[in-house]
Enquirer: 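There's a structure below that I have some questions on.
A note on names: the letters A, B, ... follow the listed sequences, proteins ahead of strands, and every chain is numbered from 1.
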Amino acid sequence: MAPKHQAPRGTRDLLPEDTARWQWAEARAREVFSRYGYSEIRTPIFEDYELFARSSGESSDVVQKEMYRFSDLGDRALALRPENTAGVVRAYLESGMGGRSRIHKLWYMGPMFRYGRPQKGRYRQFHQIGAELIGSAAPGADVEMIALFVDLYRAWGIDGLTVAVNSVGTPATRLAYGDLLRAWLAPVATQLSADSQARLVTNPLRVLDTKSEVDLALFQQLPAPPRMVDHLDADSADHWAAVCAGLDAVGVAYEVDHGLVRGLDYYTRTAFEVHDRTLGAQSALGGGGRYDGLIEQLGGPPTPGVGFSIGQDRSMLVLQERGLSVENPTVVLVVAMDATRTAAQTLARELRQEFAVESDLEGRSFNAQMKAAGKSGARFLVILGEDEWQRGQVAIKDSKLGTQDVVAPSALAALLRSRITA
RNA sequence: GUGGGUGUAGCUCAGCUGGCAGAGCAUCGGGUUGUGGUCCCGAGGGUCGCGGGUUCGAACCCCGUCACUCACCCCA
């Protein structure tokens with residue numbers, strides 16, 4: 001106990017029982033992305049600090065107090081990426097992808113970093129799987145993106161999730177809507193919780209999802225709050241109607257959440273999220289939305305985009321709680337006797353060209369090897385008995401069929417192959 | 001960042017008002033040197049998170065610290 005070092009706060013090791021599940025989930029995700037026609041992009045884990053500050057919004061919490069900023073030995077102002085949309089857009093512009101064709105469908109997975117107080121499902125190094133569709137402003141792009149989003153969860157066996165969807169309009173309509181909210185809250189403004197009073201100034205859209213009992217009771221005294229979707233510009237309203245119709249047509253189950261707001265400033269029009277209550281307070285499993293102004297803001301031509309990111313750590317937590325176990329069991333266990341230990345190693349290596357094979361490394365007794373064989377769950381036991389070996393034969397037990405045969409070592413591979421596929 | 005809770009064997013946890021650090025599971029070995037997960041016997045494994053303090057004596061009380069955890073905040 002008390003090793004000299006421990007993983008830094010908010011980071012953790014993924015141990016073999018975890019990586020088996022992670023790899024499984026990642027493989028499923030790659031399949032889904034590929035069927036939707038998305039290609040992988042890998043961008044640096046750190047970027048210029050300015051990139052994130054400008055894209056996420058100077059006033060956002062992520063930038064204000066959660067960014068891992070540092071300067072390198074050449075005094076460059078850098079930051080570990082807190083999310084990956086900014087990096088993908090930067091790469092898109094830097095490589096001139098926009099000039100090669102109009103629409104690009106990209107996906108990524110990897111670690112992100114935010115400095116917050118750790119909690120179950122909230123880490124300082126966490127992992128996201130995400131996608132970006134750059135170059136289309138059509139409502140169909142939003143619909144496809146949301147369908148892809150829910151199909152990823154489905155591929156992991158997490159179904160029954162309902163996507164919450166909203167439209168956050170444009171920066172201009174959002175500002176105007178904020179004023180409407182302030183006016184709506186004005187009668188009770190001085191009685192609101194301290195948190196809400198602060199948000200009333202900085203980000204009035206956030207007041208609506210307060211958890212304060214006091215605030216919620218005050219809301220009851222007011223008429224129904226104004227809804228963002230009722231105060232969109234004409235184009236955004238058309239877009240919103242088309243997205244809802246598209247989701248209905250495609251068969252994606254969703255509900256409209258009029259209070260849904262995203263944490264990063266670059267979102268426009270469509271925003272969506274999915275939650276899982278079994279996770280406790282950190283219930284957001286993933287979310288995304290449209291970001292039509294971002295690319296221009298980062299120095300590119302006016303270019304629309306939509307994307308999402310999924311919290312991999314949280315999703316894996318849900319899978320774990322649902323009892324998903326992924327294992328890669330030994331299929332063949334080679335048991336040796338004193339005179340056949342070397343031969344066993346040779347045979348194991350040959351069989352490993354095709355099968356999952358284990359054999360004793362430590363010169364353990366025959367009994368000990370047999371006990372280990374029982375616990376391993378291996379279907380086949382290849383036993384190199386001294387007498388049989390002398391005659392050029394080995395015994396093979398099949399625990400599924402309950403049989404034992406004696407064959408020449410050269411015939412093993414073919415026998416195993418036929419038994420496994422049978 | 002704010003406020004609570006918890007740290008004892010690899011894991012799950014006991015440990016009374018301060019008095020020799022324990023169990024179950026897991027691991028390893030054995031049950032006549034050639035056939036299995038059960039069963040029986042045995043063994044190894046601890047800086048009681050870490051550092052101070054109080055005390056004749058601290059896993060236990062006090063202070064600090066690190067980590068985890070719950071809620072808030074924020075979000076994935």
Enquirer: Could a donor-acceptor pair under 3.5 angstrom be found where the side chain of A:K397 meets the base of B:U35?
Expert: yes
Enquirer: Looking only at the side chain of A:K120 (C-beta and beyond, no hydrogens), which of the listed nucleotides B:G29, B:C70, B:G1 gets closest?
Expert: B:C70
Enquirer: Give me the distance, rounded to whole Å, that separates B:G15 from B:A59 when you measure between the C1' atoms they each carry.
Expert: 8 Å
Enquirer: Could you work out the separation of B:U27 and B:U12 based on their C1' atoms and round it to a whole Å?
Expert: 16 Å
Enquirer: When the ring planes of A:Y38 and A:F33 are compared, do they come out parallel, tilted or perpendicular, using 30° and 60° as the limits?
Expert: tilted
Enquirer: Counting heavy atoms not belonging to A:R182, are there more than 12 under 6.0 Å from its CZ?
Expert: yes
Enquirer: What does A:G311 touch in the nucleic acid at a heavy-atom separation under 4.0 angstrom: a base, only the sugar-phosphate, or nothing?
Expert: sugar-phosphate
Enquirer: What is the base-pairing partner of B:C39, counting Watson-Crick and G-U wobble geometry with both distances under 3.5 Å?
Expert: B:G31
Enquirer: Looking just at side-chain N and O atoms, do A:R269 and A:S236 make a donor-acceptor pair shorter than 3.5 Å?
Expert: yes
Enquirer: Here's a test for you: under ring pair (Phe, Tyr, Trp, His ring centres under 6.0 Å), which of A:F52, A:Y49, A:Y115 qualifies with A:Y68?
Expert: A:Y115
Enquirer: Give none if B:U65 has no partner; otherwise give the nucleotide forming a Watson-Crick or G-U wobble pair with it, both distances under 3.5 Å.
Expert: B:G49
Enquirer: Taking CE from A:M67 and C1' from B:C75, how many angstroms apart are they, rounded to a whole number?
Expert: 15 Å
Enquirer: With the threshold set at under 4.0 Å for non-hydrogen atoms, list the residues of residues 45-54 of chain A touching RNA chain B in residue-number order.
Expert: none
Enquirer: Rounded to the nearest angstrom, tell me the gap between atom CD in A:E386 and atom C1' in B:G34.
Expert: 8 Å
Enquirer: Side-chain donor or acceptor of A:R117 under 3.5 Å from a matching atom on the base of B:C74?
Expert: no
Enquirer: When the C1' atoms of B:G5 and B:G37 are considered, how many whole Å apart are they?
Expert: 40 Å
Enquirer: Can you tell me the distance, in whole Å, between the CG atom of A:D387 and the C1' atom of B:U35?
Expert: 14 Å
Enquirer: Regarding A:E66, tell me which of base, sugar-phosphate or nothing describes its non-hydrogen contacts under 4.0 Å with the strands shown.
Expert: sugar-phosphate
Enquirer: Expressed as a whole number of angstroms, how long is the span from A:N367:CG to B:G36:P?
Expert: 8 Å
Enquirer: Among residues 142-158 of chain A, which contact RNA chain B at a heavy-atom distance under 4.0 Å?
Expert: none
Enquirer: In a check of side chain to side chain donor-acceptor pair (under 3.5 Å) between A:T270 and each of A:D142, A:N166, A:D292, which one passes?
Expert: A:D142
Enquirer: Tell me what A:R199 touches on the nucleic acid: a base, only sugar-phosphate, or nothing, going by heavy atoms under 4.0 Å.
Expert: sugar-phosphate
Enquirer: Is there a Watson-Crick or G-U wobble partner for B:C74 with both distances under 3.5 Å, and if so, which one is it?
Expert: none
Enquirer: For the side chain of A:M337, counting heavy atoms from C-beta on, which of B:A76, B:U35, B:G34 is nearest?
Expert: B:G34
Enquirer: How many Å lie between OH on A:Y68 and P on B:A76, as a whole number?
Expert: 17 Å
Enquirer: A:F366 versus A:I383: any side-chain heavy-atom pair under 4.5 Å?
Expert: yes
Enquirer: Determine the Euclidean distance between corresponding C1' atoms of B:G24 and B:C63; express it in Å to zero decimal places.
Expert: 36 Å
Enquirer: Can you tell me how far C1' in B:G18 sits from the matching atom in B:C56, rounded to whole Å?
Expert: 12 Å
Enquirer: Of the nucleotides B:U35, B:A76, B:G30, which one has an atom closest to the side chain of A:S365?
Expert: B:G30
Enquirer: Calculate, to the nearest 0.5 Å, the distance between atoms CH2 and OG belonging to A:W107 and A:S309 respectively.
Expert: 14.5 Å
Enquirer: Using atom CZ of A:R9 as one end and atom C1' of B:U65 as the other, report the distance to the nearest whole Å.
Expert: 12 Å
Enquirer: A:G10 near the nucleic acid: base, sugar-phosphate alone, or nothing, with a heavy-atom cut-off under 4.0 Å?
Expert: sugar-phosphate
Enquirer: What I want to check is whether an N or O donor and acceptor connect the side chain of A:R206 with the base of B:C74 at under 3.5 Å.
Expert: no
Enquirer: Can you tell me the base-pairing partner of B:U55? Count Watson-Crick or G-U wobble geometry only, both distances below 3.5 Å, and say none if there is no partner.
Expert: none
Enquirer: Quick one: does any side-chain atom of A:R114 pair with a main-chain N or O of A:E66 as donor and acceptor, under 3.5 Å?
Expert: no
Enquirer: Could you tell me the Watson-Crick or G-U partner of B:U12, where both distances fall under 3.5 Å? Say none if there is no partner.
Expert: B:A23
Enquirer: When the P atoms of B:A26 and B:G19 are compared, how many Å lie between them, rounded to an integer?
Expert: 32 Å
Enquirer: Measure from the side chain of A:D195, starting at C-beta and using heavy atoms only, and say which of B:C72, B:C74, B:G1 lies closest.
Expert: B:C72
Enquirer: Determine whether the side chains of A:N84 and A:T43 contain a donor N or O and an acceptor N or O closer than 3.5 Å.
Expert: yes
Enquirer: Quickly work out the A:K371 NZ to B:G30 P distance and round it to whole Å.
Expert: 8 Å
Enquirer: C1' atom, B:U2 versus B:A21: distance in rounded Å?
Expert: 38 Å
Enquirer: NA contact type, A:A339, heavy-atom cut-off 4.0 Å: base, sugar-phosphate, or nothing?
Expert: nothing
Enquirer: With respect to the side chain of A:A368, which nucleotide from B:C74, B:C28, B:G29 is positioned closest?
Expert: B:G29
Enquirer: Give one of base, sugar-phosphate or nothing for A:R122, where a contact means two heavy atoms less than 4.0 Å apart.
Expert: base
Enquirer: With ring centroids as reference points, do A:Y177 and A:W184 lie under 6.0 angstrom apart?
Expert: no
Enquirer: For atom CD of A:E255, is the number of surrounding heavy atoms from other residues, nucleotides or ligands below 6.0 Å larger than 12?
Expert: yes
Enquirer: Hunt down the Watson-Crick or G-U wobble partner of B:G44, both distances under 3.5 Å, from any strand shown, or write none.
Expert: none
Enquirer: Take atom CZ of A:R114 and atom P of B:G1, then tell me their distance rounded to the nearest Å.
Expert: 17 Å
Enquirer: Return yes if some donor-acceptor pair links the side-chain N/O of A:D215 with the main-chain N/O of A:S193 below 3.5 Å, else return no.
Expert: yes
Enquirer: Looking only at the side chain of A:Q6 (C-beta and beyond, no hydrogens), which of the listed nucleotides B:G36, B:C66, B:G30 gets closest?
Expert: B:C66
Enquirer: Pick the C1' atom in B:A14 and in B:G7, then give their distance to the nearest Å.
Expert: 15 Å
Enquirer: Can you name the one residue among A:D405, A:L381, A:T403 that meets side chain to side chain contact (heavy atoms under 4.5 Å, CB included) with A:I396?
Expert: A:D405
Enquirer: Which of these nucleotides, B:G36, B:A67, B:G34, is closest to any side-chain atom of A:E388?
Expert: B:G34
Enquirer: Indicate whether A:F366 forms a stack on B:G34; treat it as stacked only if centroid distance is below 5.5 angstrom and interplanar angle below 30 degrees.
Expert: no
Enquirer: When you match A:D313 and A:S212 each to their closest nucleotide on RNA chain B, which lands nearer the 5' end?
Expert: A:S212
Enquirer: For A:M370 and for A:G286, locate the closest nucleotide of RNA chain B by heavy-atom distance; then report the residue assigned to the nucleotide nearer the 5' terminus.
Expert: A:M370
